[in-house]
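Beneath this line is the structure, given in structure tokens, with notes to follow.
Lettering follows sequence order; numbering is per chain, from 1.
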Amino acid sequence: QKAEAAVSGKISIMGSSALLPLSKQAAIEFKKKNPKVSITASGSSSIAGPQSVRKGIAQIGACDWDATKSKGGFSGFSGLVAHKVAIIPFATIVHPGVSVDSLTKSQLQGIFSGKYTNWKQVGGKDLEITVVNRAFGSGTRVNYQEKALGNASFKKTKNYVEVKSSGDMATKVKSTPGSIGYIDLVYVKSGLKALKFNGVSPTTSNVISGKYPVYGTGYYMTKGQPTGATKEFIKYVQSAKFQNGTLKKMKFIPISAMR
Amino acid sequence: MSVYRKQLKISKISDKIQTGFLWALCLSAILLIISLLFMVVGKGLSQLSLDFFYKMPEELDKGGGISTVLFNSFYMLILSLIFSIPIGIGSGIYLAEYAPDNKLTAMIRVCVEGLASVPSIVFGLFGLAIFVEYFEIGLTILGGAVSLGLLNLPVLTRVTEEAVRAVPEDVRSSAIALGATKFQTIMRVVIPSALTGIMTGISLVAGRAYGESAVIILAAGTSTSGVMWDFSLFAPGETLAVHLWYVQSEAIVEDASAIAEKSAAVLLLMVLLINLIIRVPAWLHHRKLNRR
Amino acid sequence: MERALEKAAQQTAPVQQAAVPRKTFQFNRRKMSDVAFRYFCWISVILLCMTLLSIIGFMGKTGLMTFKEVSVSEYFLSLSWLPEEGKYGAALFILGTFSLTALTLVIAVPLSIGMAIFISEVAPEWLKRIIRPMLDLLVGIPSIVYGYLGMTILIPFLRDAAGVQVGDGLLAAALVLTLMVLPTITRVSDDAITFVPQQFREAAYAMGSTRSQMITRIILPAAKQGIVSAVILGMARAIGETMAVVMVIGNTAELAKDLFTPTSVLTSNIVMQITNVEFGSAWSNALYMMAFILLFISLVMIIGIRVLQAKRSFVK
Amino acid sequence: MIAVDQEYAFQIKNLNVWYGDNQTVKNLSMNMRKNRVTAIIGPSGCGKSTLLKTLNHMVSLIPHTKVSGEVIYEDKNIYGETVDLEELRTKIGMVFQKPAPFLKSIYENVAFGARIHGENKKSDLDERVERCLKQVALWDEVKDRLDKSAIGLSGGQQQRLCIARCLAVEPNILLMDEPTSALDPIATLKIEELLQELKKKYSIVIVTHNMQQAARASDDTAFMLNGELVELAPTGALFSAPKNQTTEDYVMGKFG
Amino acid sequence: MIAVDQEYAFQIKNLNVWYGDNQTVKNLSMNMRKNRVTAIIGPSGCGKSTLLKTLNHMVSLIPHTKVSGEVIYEDKNIYGETVDLEELRTKIGMVFQKPAPFLKSIYENVAFGARIHGENKKSDLDERVERCLKQVALWDEVKDRLDKSAIGLSGGQQQRLCIARCLAVEPNILLMDEPTSALDPIATLKIEELLQELKKKYSIVIVTHNMQQAARASDDTAFMLNGELVELAPTGALFSAPKNQTTEDYVMGKFG
Ligand SMILES: Nc1ncnc2c1ncn2[C@@H]1O[C@H](COP(=O)(O)OP(=O)(O)OP(=O)(O)O)[C@@H](O)[C@H]1O
Ligand SMILES: Nc1ncnc2c1ncn2[C@@H]1O[C@H](COP(=O)(O)OP(=O)(O)OP(=O)(O)O)[C@@H](O)[C@H]1O
Ligand SMILES: [Mg+2]
Ligand SMILES: [Mg+2]
Ligand SMILES: O=P([O-])([O-])[O-]
């Protein structure tokens, strides 16, 4: 470690809220070693990541897909470079008062398209379902729609709310009885209940073993090849130490563990 | 006359009823608002400890504080006042003391009132467009402070104008009649007399700026540089008010709702404090002068 | 005239005077600071006007670019806001803003005016001295606190009380806004009522009216314009409020079917989406257009207040 | 109400009035005759207005006011027994220094008193408005614009309107607080003439700072100083041969 | 500045003043003698204050004001040639109807004029403040509380303080606009005595609504009506034998 001279500079990370906890934690650790670097991380939704980078207001744009290629209705951003940083497992979450433990893909499709509006239609108590969805631009939404719902579309029904970020999602589902939503595993804490998908629990090991298909890949986008502090930071996040340590602890999956 | 008697009785009864109704209405409304606020403060206060003020906000773990956002709040408040006070007071004095009574002045007044009515989110967007999109310096304290300053301007102007106008004409003419120039009259006689009013205006504006959130979110962002005492104008400028919203809605940290409760209590108390701190000197000043 | 006289006076060379020992340069410095200060004030006011004009210009220019890609009729008439599919119908937000404001006023105005009457005419002196500063403090409470209050106390309460699932929506937002604008409307109306010359009160009492007769027949008509101004002021605040609304309205780009359906208004939609869109895109322009609409509405209201105040006549 | 001593409109006995700690009427006793004009004169701040406001209980509207002593009106001490204030004020009209017409039409200004007492019949109101406006000699000047705002009238007209408004509730006493001090000489003259007319039906108490006016228009004159009654006498006597040295100084213009 | 005609403090020739379209001083010509007290009387609104304000150019502060004619002061028409307004006003002091002490200490009120002219030496200021307060006979009453707010003084004291404040800039003329109308008899008396003292050093022009005051305290009296000068004469002559019928009516209290 002595070999790496401490770098200085300013890094601003914007974009994905799914990756936000990871970026924030990495920033804390990186700053311990490089006290002269100032890092700020904020999250709204993935699409803001590559956009901010292209505008030059952020050095790193976090995105839940490779933003150089088109995906889920978004066209690719040219001139950006994608750096794979983590595999992100996503879970279906419900308010703890919901008695259902597992849902199938078609049940989920039914719920998010508004076909099922009461938990008793999917084997639960008589309680109206409130769908909490992420706003357009979210990488979580793109991945979840593709992998959990088989690209079925969302329908706005009577009890339907859209939220701006993963944090918003957690707050809303926590505070709304009968609600259902989706989020990456790092956010699943007390007050939220994660459901099995087709009977499989959303755990990192189930993702690695291929049993649980709802996950995405997180990228750091940069404008051209990164230099200086930004380069060192990305290198740190991709390092085996971080990948197998903190990242794993936060219920993300190291890139090396897949494929 | 006695024909009036019956009517008088009816009028008096209805007077009693209406009065009673007003008492009930007003007291219950006030009590409701106050008790709601007390609920907010109470929940936060009971968990509040001193280290909450000087610990850094935690990004992920429990037990974070609010030191940097608290700093940003005051820093940005002071910057915004530095931008807006000279211009605001200057314009207020212009309108009260110099403006000739003509169409142009009427138009300027419309401008001031128009600016005062512009929703804060528009100032935020304006700041965003200028600092983030045009100058591309990102979400910064500078952008936030300038946008806040613009938000403050019209209020300061109006309050100053009113306070200066309220100074009795006699006092002004007395000074002029003593051979003082207009500038001397304003500086030595008018402003001291209008000081209480101007101070009240500044406290009004400061309280508002301190609690403003929409402008900050759009122009200064929702994060801090993560360093305490960071006086850089180009650091991101999350403030306490924004922090309250951010932790509550982003909920990344474990104890988000506890932090939100505490932040809400601190925010409320700070705003009250600002109102008091800025008013007290003016009040003392006034008292001293009125003492026999 | 004033100008001409002053100017004429300023051109004169200062004259030495024997009676009071004073130095010529002192006179010059006095004159110079006098002129400099005047310019300072003048520049300040010009800057202030420039700010408003550049805000209007910028918002207008950026906003109107929307119509390069979106037809005016779609923007103002269509209810479907699906920017990802190229649908930019902003009517639902405009309707949302109007209905939220209307609902807020329906709740807040009678309450506020009642309170204003109480404070100015009924309350004993000691109570006035408590309530007025208290309301002034309440005016200064950050809107985000009201939003937080709505989110953590009001919505759970509404869910229980109304037996609804979500709770976020127009009613929650209107209640939060009511809390917010109540002190403002009350205090401004209170001032308007207090401003009615004491002679009117005395004259009415002297003729044997009861207090409520005096209030309803003399005071309220005389304070009418001031009260309307207060209401407009409250309305402007309600229309422009952002974060408090964002926290309780649900933020769905969908027209509200009832008081408890999540919906969106102009302000909340701007703040929810602006960071996710690229500056210069049709989506971004459409959001700036919303801001321009807000700006337009509030300017119209201010002009309304001015017209009203110009009519205020008893201050002769 | 048994009519016994109908000679006096007011009998004031040992009246004291305090604003907070500040005593403005001090142990004042005097009688005011019925169907006469009583003038109250004295330098500014001596308590004239306060005395007047005590007579129709208007002082009780001012916070922190204390009144002791007796004011006997219609055989009843209005500060001793419980009185119906609204009724009292209906019977004792008051006209103020600055004319304060309501922000209503001329017609509605005069009709106001009748309306608050529940009279709403158009024909009755019409009749009453016309009668009262004629009493104050304003009818001819305004009869074509009864529905126009009263604010448009001149100062003198406004003051006469306020008097008409008072008369419309049919009082038996008129209190006037410097009713002409805001008026020009001609308007003043008109009001003074009106006083002579009105005293046939009403008892009038008038506060004035204009000694000539008191001399011209009143039957009795009371001179007050620092809250005390210095001298009360028939007007002619008071001005030509005051008993008191201070009174003499004052009416000679030595101070005030 | 050559001293030629030092007999008059002001020579006013064909003076006209308009507020907007409203002419309030009409073709007025009069001379005011040096070291004399000239009183201006007339009913309310006749233009007395306006005339006074023309003398020290205060009218020029009021928007939409137009002045024509000549006011000659120290051999110079202050409405013809360019004058230094601040200097003019320093030499012509003015005292207003309502005493308006600044929100400062008694000391600072008096020192104000000297300070704005750049005098800041403590000992000089002290000396000046003491001298001026003695001139208005206020020194003994306030010498122990010079640093207390001037607002705490009584009305009469405040008015004397305002006069002292004026004297402290060493004017040679004093203009006074109803300086005693807000005061009680004793305070009025004091100010009138002061006038007699001051006229030894200063020329004084005083506007008053109190004819007795004019009679007592002035050397010359000018009677104005509707913006015109009706009569100017030595005070004794004007009150005992007015040449003009209107003047007679007015001084007899027939109107106003
Ligand atoms: N509402 C009030 N509160 C406290 N003090 C008052 C009030 N009204 C009058 N005073 C005081 O009481 C005293 C007598 O006042 P009042 O108005 O009766 O005098 P006045 O003889 O009518 O004088 P003026 O000729 O100026 O009208 C004055 O010293 C005045 O300051
Ligand atoms: N600033 C002003 N603007 C317009 N008109 C004015 C102004 N000041 C006075 N006037 C008008 O000019 C006329 C003369 O006013 P001025 O103040 O000189 O009268 P005055 O003789 O001093 O009266 P008073 O005895 O009431 O003080 C009045 O009709 C008044 O309404
Ligand atoms: Mg009075
Ligand atoms: Mg005057
Ligand atoms: O990670 P997201 O915020 O884009 O869902």
Side-chain angles (χ1 to χ4, degrees), chain B residues 11-12 14-15 18-19 22-23 25-26 29-30 33 36-37 39-40 87 90-91 93-95 98 108 110-115 117-122 125-126 128-129 133 150 153-154 157 181-184 204 207-208 211-214 217-218 241 244-245 248 260 264 267-268 271-272 275, chain C residues 2-3 30-31 33-34 37-38 40-42 44-45 47-49 51-52 55 58-59 62 111 114-115 117-119 122 131 134 137-138 140-145 148-149 151 153 179 182 210-213 236 239-240 242-243 247 267 270-271 274 279 288 291 294-295 298-299 301-303 306:
Chain B
S11 306
K12 290 180 89 139
S14 88
D15 185 52
Q18 290 177 29
T19 306
L22 284 178
W23 270 93
L25 175 88
C26 186
I30 294 252
I33 300 183
L36 283 176
L37 291 173
M39 262 152 108
V40 171
I87 300 183
S91 327
I93 290 178
Y94 178 82
L95 287 177
Y98 291 109
I108 292 176
V110 175
C111 273
V112 176
E113 275 158 35
L115 202 61
S117 77
V118 172
S120 59
I121 188 174
V122 175
L125 270 184
F126 190 61
L128 178 80
E133 309 292 355
L150 295 182
L153 262 188
T157 302
T181 61
K182 188 123 189 170
F183 174 62
Q184 287 175 322
L204 202 79
R208 182 168 169 216
E212 178 57 46
S213 43
I217 290 173
L218 292 185
L244 165 61
W245 169 73
Q248 173 69 28
L267 180 61
L268 256 179
V271 168
L272 294 187
N275 274 288
Chain C
E2 172 207 6
R3 279 287 160 71
R30 287 174 63 201
K31 293 263 146 88
S33 56
D34 196 37
F37 185 70
R38 186 194 201 108
F40 166 75
C41 291
W42 189 73
S44 296
V45 88
L47 270 178
L48 200 145
C49 294
T51 306
L52 180 68
I55 288 181
F58 178 80
M59 293 291 149
T62 316
L111 263 177
M115 284 175 66
I117 294 174
F118 175 80
I119 296 169
V122 180
I131 293 187
M134 198 145 87
L137 279 184
L138 287 180
I141 302 266
S143 58
I144 198 124
V145 171
Y148 174 74
L149 199 151
M151 198 168 175
I153 299 175
L179 286 183
L182 190 79
T210 62
R211 178 161 57 196
S212 62
Q213 284 172 331
I239 289 181
T242 310
M243 295 315 292
M247 290 172 93
T267 51
I270 296 173
V271 107
I274 193 74
F279 187 70
Y288 274 92
L294 281 174
L295 191 60
S298 43
L299 290 180
M301 289 194 303
I302 279 315
I303 291 172
R306 271 198 84 80

pair C:Val145-B:Leu37: side-chain heavy atoms closer than 4.5 Å:
yes

Ignoring hydrogens, what is the shortest heavy-atom contact between [X] and [Y]? Give both atom names and the distance.
X: C:Cys41; Y: B:Ile93; value: SG-CG2, 3.9 Å
X: C:Thr242; Y: B:Ala214; value: CB-CB, 3.9 Å
X: B:Val122; Y: C:Met59; value: O-CE, 3.7 Å
X: B:Gly211; Y: C:Ile144; value: O-CG2, 4.4 Å
X: B:Pro119; Y: C:Leu294; value: CG-CB, 4.2 Å
X: B:Ser213; Y: C:Met243; value: OG-CG, 3.1 Å

Among [options], who wins on heavy-atom pairs under 4.5 Å with chain B?
options: C:Met247, C:Arg211, C:Met151; result: C:Arg211
options: C:Ile117, C:Thr62, C:Leu137; result: C:Leu137
options: C:Ala291, C:Gly240, C:Gly114, C:Pro142; result: C:Pro142

Engaged part of [X] at the chain B interface, taking heavy atoms whose separation is under 4.5 Å:
X: C:Leu47; answer: side chain
X: C:Ala236; answer: neither
X: C:Ile131; answer: side chain
X: C:Ile274; answer: side chain
X: C:Ile153; answer: side chain

Report the option among [options] that has the most heavy-atom pairs separated by less than 4.5 Å from atoms of chain C.
options: B:Thr157, B:Leu153, B:Ile33; value: B:Ile33
options: B:Ser91, B:Ala29, B:Ser14; value: B:Ser91
options: B:Leu128, B:Ile87, B:Val40, B:Ile217; value: B:Ile87
options: B:Leu268, B:Val118, B:Leu125; value: B:Leu125
options: B:Ser120, B:Ala264, B:Gly207, B:Ser11; value: B:Ser11

Check the pair C:Phe37 / B:Thr181 against side chain to side chain contact (heavy atoms under 4.5 Å, CB included), numbers first and verdict last.
CA-CA 11 Å; C:Phe37 185 70; B:Thr181 61; over 6 Å; no

According to ring pair (Phe, Tyr, Trp, His ring centres under 6.0 Å), who are the partners of C:Tyr148, at least two apart in sequence or on a separate chain?
none

Step by step, would you call C:Ile141 with B:Val271 a side chain to side chain contact (heavy atoms under 4.5 Å, CB included)?
CA-CA 7 Å; C:Ile141 302 266; B:Val271 168; 5.8 Å; no

When rounded to the nearest 0.5 angstrom, what distance separates [atom1] in [X] from [atom2] in [Y]?
X: B:Cys26; Y: C:Ile119; atom1: SG; atom2: CD1; result: 5.0 Å
X: C:Leu295; Y: B:Phe126; atom1: CG; atom2: CZ; result: 10.5 Å
X: B:Arg208; Y: C:Ser143; atom1: CZ; atom2: OG; result: 9.5 Å
X: C:Arg38; Y: B:Phe183; atom1: CZ; atom2: CZ; result: 13.5 Å
X: B:Glu113; Y: C:Ile303; atom1: CD; atom2: CD1; result: 10.0 Å

Would you please test B:Ile30 and C:Phe118 for side chain to side chain contact (heavy atoms under 4.5 Å, CB included) and show each step?
CA-CA 12 Å; B:Ile30 294 252; C:Phe118 175 80; over 6 Å; no

Spell out, as yes or no, whether a donor-acceptor pair under 3.5 Å connects the side chain of B:Asp15 to the backbone of C:Thr210.
no

Contact class of [X] relative to chain C, heavy atoms under 4.5 angstrom:
X: B:Leu150; value: side chain
X: B:Leu115; value: both
X: B:Leu204; value: neither
X: B:Gln18; value: side chain

If you apply the rule side chain to side chain contact (heavy atoms under 4.5 Å, CB included), what do you find for C:Met301 with B:Ser117, and how did you get there?
CA-CA 8 Å; C:Met301 289 194 303; B:Ser117 77; over 6 Å; no

